[in-house]
Structures are given as structure tokens and as C-alpha cells.
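The next block holds one structure in the form of C-alpha cells; read it before the comments.
In this chain, residues are counted from 1 in sequence order.
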Amino acid sequence: MKLKIIASSLCIAGLLWSCNEKIEEKPTAIVDTTEFDYVIDQFADLRILRYQIPGFDELTLKEKQLVYYLTQAGLAGRDIMWNQNYRHNLQIRNALERIYTLYKGDTNAVDWKAFETYLKRVWFSNGIHHHYSNDKIKPEFTPEYLTYLLKETDTELIGEPFDVIFNEKDNKKVNKKKGVDNVASSAINFYDPTVTDADVESFYAQMDKGPEGEPIEVGLNSKLVKENGKLKEMVWKSGGMYGKAIDEIIKWLEKAKDVAENEQQATTLRLLIEYYKTGNLSKWDEYAIAWVNSTDGNIDWINGFVEVYNDPKGYKGSYENIVQIKDFEMSKQMAVLSENAQWFEDNSPLMEEHKKDNVVGISYKTVNVAGEAGDASPSTPIGVNLPNNNWIRQKHGSKSVSLGNIIDAYNNAGGSGRLKEFAYDDEEIALEEQYGKLADKLHTALHEVIGHASGQINDGVGQPKETLKNYASTMEEGRADLVGLYFLMDPKLQELDLVEDWEKVGKAAYDGYIRNGLITQLIRIELGNEIEEDHMVNRQWVSAWAFEKGQADNVIEKVERDGKTFYNINDYAKLRNLFGELLKEAQRIKSEGDFKAAQDLVEGYGVKVDQDLHAQVLERNTQFKSAPYSGFVNPVLEPQTNASGEIVDVEVKQPKSFTDQMLDYAERFGFLAKNQK
């Protein structure tokens, strides 16, 4: 499970620069920077940031080699994510990149600038659908102009792959709306276009789920297709679907295994390799158990088909890779949460039968990212808690990480303009400026370490993807958010020396969450749309439910001032109680598999948008130049070799531009993309 950047990212506005100049010859892909520039590009609703890798130079040569091999393994699978997102993505990307590199015409023309922007948006989203809204990205050039560019560069893109860029087909990558066939109406390439909700439910209901009490994650690493009217899985493995890219992943993992920091790490990598070779989901569970127990090294990773947010039915895992270096000092400070996990469980407002008697194996680290790929790049989470299989979490524990250098890059890349526009008063602004970063960091930690690890499912109740179906992901993210919110306003945090003033940190956290959940996150969607992305949905249903249930006591006040809407919290203690009530209900829904209650909560509070408020928020936001979404280029890890070809050092360089990195990746890691005109 992953946590995307939340409230603070919507309050960032800074000095921006844009590099749109086209370089005809193949450019140098890296550039050294003395004074670090975090913002590298901005276009449409996106800006691209750089991040640094603190502590990399202090690693041993063997550790640097391990980091390098793991990042190369991750990038080797990059094309998988593109194909997972949509069946025509790779063909479209190839054509657009060929046009970009070969076109010799007027690159100052308005249409060409629109083409460049469209290509960058497609790169950012790993496909033609927006990374957050799931809507198809609309080009601001005509089919005739694209036809002209194709002809000028002797590039081929015909039939459906051409038409779909401009028509209304496959408009939604993931559609989790109520009342539609979620599979049939989603463009995601986890299912044949002819496969339906009923097909998926019937197929996996009959599938062997493994030992009693230890179910495998059925469907996690396969595409479900129809052949001659019969359903079958195309497994993602060596020799199977995506086999060419997976073989490259394995090649680099083999190298990583040979320089592992310890035997447990080597065993874990060996199991991951076996999983990729066989596609066996029992082997994936073996790997996950070994990975959870691999805690001694300085280097760690996330690699595989992991998160199921992109599957409307919650079965299929998107390809993802994150390579991590331990931040020793910060991890030491935050390990106290893991050590006190049982206290948080015992003192949560859950029903007693839904609490765990023994919370096991929660490890928490602040890490510095060394490289990302697939579902984690360019748009990256700020925190991750894995594995996702509930029985492994309960019996063997979980790992939670906060991506420290990613959070630092967000915080260093902007200012406070949006905060001053959307906060209710000077007191709220002062609390956010003084305590907001700490509040966000603690909420991430509590969300990942305590939230996802808390509570238990009743005996005989299926997994949430089976019981809560298309609402499973947003319900889980909201439940974890509520755990964090409940304990952010608790003196225990000060007792544990995590804060100096628990009340002020808690107030800043509550202000930021309600402000984001009810107002500022609306800048991320187009006027007239409903909210669909799981994390955005959960932030609204949590906030809107608390607002409604607290109206009798005026807990949260809706204030209209000078034609602008604000939400002001009048009673933080009562709001905490409301968060506790909602947490109790969210856990009951998960524990009992109450689909109807999940549907009522999400549809009643999380999806609908007040269009008048939305229009107002968008208008207020026009004064800010900083884009509402941010993502990252990766640092370039450049191996230094001796005369024998042995790696003697690995240097960190920064990419020259977003465009250069995307073209470089396409050339070096395009293992699934066909060489075509």
C-alpha cells in the first residue's frame, strides 16, 4: 500500500523554470549541479522535480553496486507498466518519440508546442491516460497535424492506435463508479476488452486460493483473456507475457544477489528471481515473508507486481520498483512507533473483537530513494507499507517506509502561496508553517506503520477485494488515514518524544487534512468531474463525513467570506472523537466485509463534488503558477570501471532534462516496445 503526497503538496508554489528547447543532436543526458535546482520542468498541470540521494557517497563499493544493479533491474521492467496501463500505449509512445527525434520542421509553431506538451504528459502518466484522474489526455493539436508529422518523419501509426488519441473510445483507464461494468468500462490492460465484471468474479471465485488461512493473491501477476469463449490467464513471467522485459529484470537481480549485504538479503533476492522465472504466486508469498524478515542491511527495495489500485476488481498488480538507502538518524527517531505498535492497537477506538491481540513485526524506516520505476515513477508515493497479503502481515509483520528525500524535495521546491489563499485565518497559517511538515511526516508514519497494520478481519470473511470489491482500496486508505488522524491528537506522541507540543502538531494536522479533503484537492480535477482516484476519494469521505456529523455541535464551520469558502475547526477534541467513530465503523466494514456500508460511505461522501465550490476553488487557484501535480526524474547512477570492466565506483549525476531522461530510458530499456516506423 502506498501513500501519495497529501496536503502540503497543494500548498507549494515556487520559482519555476521550463526547458522546452528542442535539441537536434543526441544530448548529454546528465548535468552536474553545484547549487541544486529542484524544479527541472513544468507543463500542463505537472511539474518535474529532481531529488538528491543523501548518504550515497558513504556507502561501501559493494553497497553502491547493489544499489546500481537494483535500479537497473527496476528500469528493465519500465515497459511493463506502459503496457499494463493500456494496450496501445507502447505503439503510441514509439510513434510520438520517433516524431520528436526526427522532425525537422518548425519547432516554434503552436501545434508543435502542443505536440511536445502532449508527449511530456504521456511520458509522465506512463500512457495516454492521466496518472491521477484516469481520464484520457486530450491533445491540443488536430488529427491532421499528427498525420502531417507522421508523414514528415516516415513514422507509422494507423488504425485504432491513431484514432484513440482523438476519439471517445477507452476514455477511462480505471472506472470504479457505481452502476457500471467496471471491467468493461476500464481501458486498463489487465483484461481483454471483451471481459466483464461477471467474468472476473466467476473466474476467481472458482480458483484455488491456496492453503486455508494463507491465501495467495490470485490473479496478481496475469492478464485475464478470452480464447474461443473460454477465460484463461496470461501469466507475467519469464517465457510468458512480458517475458523479454522480465528476463532483463532477472539478469540484473542475479547481479544484485551476488553483492547482497547478507545471506538473508541474498535468499530474498533468490526467491524473487524464482518467482519471476515461474510466475508461481506461492513463491511470491515465500519471497514476501523473506523480504519482511530482511531488515539488517542498509539497502532495501520494492520490486514486483505490487499495488492493485489500477485494477477495478482489485486483483492485478501494477509493476513497481523503488530502491532505498536507510536514513539512519531519522529511522532511529521514528522506530519508536514500531516499538509501541501494541499500545496504539490497544488504545484505538476499534471494537474489541476487531483488535489484534499481538501486533507483530512492524518495521519502520525513513529511507532515501536511489531510483524508481514503473508505478512509482515519475509520480511517486511518499510512504509505503508492504506486503499487501493480509495473512502475511498478521503472521510475519510488515515493512513501512517513509521516502525522506522525496518529501524533502517536495518541501524545498515551493512556497506558501496556496496555504495563505485557502487557510481560514492567520492562526491556521502559523500552525501550518511551524508544525505542518512534522504533522505530515507523523501522519505518513502513523498511516503506514500503525494504520495498515491495525485491526483484523473476522473469521470466515473473505479478503477486502472480494468483499468490498471496487471500494476496497479507498476504504483501506481511509481507514489508515483515520488511524493516523486519531493518534495525531494524542499526548502519547509527546510522551514518546516525537513532538514537543502534541496539541499544536495535532491542530496543524487536522487543519491541513480538512482543508485538503474539502477544498484544495479540488484543484486536481476538471470542473464538472466527480472524484475518482482512491486517495482523493478517501480524503473527501473522511472529511465530509466528519463535517456533516459534527454540524450539530459546530465542530467544523463552513465560512463564506468575500465570496470565498473556508472551513474552520472550532473543536479539535470533538473532531478527534468523530475521527474515532468513523475509524471504528471503517474497521467494522473491513472486518465484516460489509459491502453495502462501504458503498454508502464512499458514494454518499467521497465521490460527489459541489460544483459551485469547485468552480470557486479553481478560480482562486488561477493566481498560482505552480502546477498541482509533481513528479520526479531519477538521478543517473553512472558506474566507473577499470581496464578489466569491473565496477570500481558508482557516481551520482543529475539528468539534464525530463525529455532527455525519457528518451534515454526508451532507448536503453524499451524491451517490449517494437522497432517500428
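Ring-plane geometry between Y118 and F141 is classed as perpendicular, the angle between the planes exceeding 60 degrees on a 0 to 90 degree scale with a lower cut at 30.
Inspection of the Y319 and D375 side chains reveals no N or O donor paired with an N or O acceptor under 3.5 Å. A donor and an acceptor atom, one from each side chain of K313 and N182, are nowhere located under 3.5 Å apart. With 3.5 Å as the limit, one finds no donor-acceptor pair spanning the side chains of N126 and N85. Side-chain atoms of S318 and N310 form a donor-acceptor pair, as typed in the model, at a separation below 3.5 Å. No hydrogens or angles considered: a donor-acceptor pair under 3.5 Å links the side chains of T153 and T155. S133 and E533 share no side-chain donor-acceptor pair at under 3.5 Å. Inspection of the Y191 and Y315 side chains reveals no N or O donor paired with an N or O acceptor under 3.5 Å.
Using a 4.0 Å cut-off between charged nitrogen and carboxylate oxygen, R668 and E248 do not count as a salt-bridge pair. Between E421 and R418, none of the side-chain N atoms (NZ, or NE/NH1/NH2) sits under 4.0 Å from a carboxylate O, so this pair counts as no salt bridge. In this structure, D199 pairs ionically with K226, as a charged nitrogen and a carboxylate oxygen lie closer than 4.0 Å. In this structure, E140 does not pair ionically with K113, as no charged nitrogen and carboxylate oxygen lie closer than 4.0 Å. Salt-bridge formation is detected for the pair D135/K172: a Lys NZ or Arg NE/NH1/NH2 atom is positioned less than 4.0 Å from an Asp or Glu carboxylate oxygen. Under 4.0 Å is where a charged nitrogen must lie from a carboxylate oxygen, and between K120 and D41 at least one such pair does.
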E477 and R539: salt bridge (charged side-chain N to carboxylate O under 4.0 Å, His left out), yes or no, with the steps? CA-CA 9 Å; E477 293 306 313; R539 290 195 286 270; over 6 Å; no
Please lay out, stage by stage, how I250 and L272 fare under the test side chain to side chain contact (heavy atoms under 4.5 Å, CB included). CA-CA 9 Å; I250 291 171; L272 180 57; over 6 Å; no
Mind running salt bridge (charged side-chain N to carboxylate O under 4.0 Å, His left out) on D79 and K244 for me, showing each step along the way? CA-CA 10 Å; D79 277 2; K244 189 174 181 181; over 6 Å; no
Report the C-alpha separation of D408 and Y51 in whole Å, then their side-chain angles, then the decisive distance to 0.1 Å, and conclude whether the side-chain hydrogen bond (donor to acceptor under 3.5 Å, both in side chains) test is met. CA-CA 8 Å; D408 287 343; Y51 63 90; over 6 Å; no
Take D181 and S185 through the side-chain hydrogen bond (donor to acceptor under 3.5 Å, both in side chains) test and state the conclusion after the steps. CA-CA 6 Å; D181 189 308; S185 61; 5.8 Å; no
For E233 and K223, run salt bridge (charged side-chain N to carboxylate O under 4.0 Å, His left out): C-alpha distance rounded to whole Å, both residues' side-chain angles, the deciding distance at 0.1 Å, then the answer. CA-CA 5 Å; E233 288 186 314; K223 179 178 178 178; over 6 Å; no
Run the side-chain hydrogen bond (donor to acceptor under 3.5 Å, both in side chains) check on S630 and R47 step by step: do they pass? CA-CA 5 Å; S630 294; R47 66 175 181 168; 2.8 Å; yes
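In this structure, R524 is positioned above the aromatic face of Y132, its NZ or CZ under 6.0 Å from the six-membered ring centre and within 45° of the axis. Both tests do not hold together for R93 against W123: distance to the six-membered ring centre under 6.0 Å, angle to the ring axis within 45°.
Of all the heavy atoms in L637 and V67, the pair that sits closest is CD1-CG1, 3.7 Å.
No side-chain donor-acceptor contact under 3.5 Å links T474 to the backbone of Y471. Between the D534 side chain and the S473 main chain, no donor and acceptor come within less than 3.5 Å of each other. E307 contributes no side-chain N or O that, together with a main-chain N or O of Y309, makes up a donor-acceptor pair within less than 3.5 Å. Distance alone, capped at 3.5 Å, is enough to place a donor-acceptor pair between the D311 side chain and the K316 backbone.
Counting heavy atoms from C-beta on, the side chains of H130 and Y629 come closer than 4.5 Å. At a threshold of 4.5 Å between non-hydrogen side-chain atoms, the residues Y276 and I249 count as touching. No side-chain heavy atom of L149 sits under 4.5 Å from any side-chain heavy atom of E152. Within the 4.5 Å cutoff, no side-chain heavy atoms of M234 are placed close to those of S222.
For Y410 and F632, the gap between ring centers is short of 6.0 Å. Side-chain rings of W112 and Y145 stay apart, their centers remaining 6.0 Å or farther from each other.
Under the rule for a side-chain contact (heavy atoms from CB on, under 4.5 Å), the partners of K136 that lie at least two apart in sequence or sit in another chain are I128, H129, V164, N167, N171.
Atom CH2 of residue W301 and atom CG of residue L253 lie 8.5 Å apart, to the nearest 0.5 angstrom.
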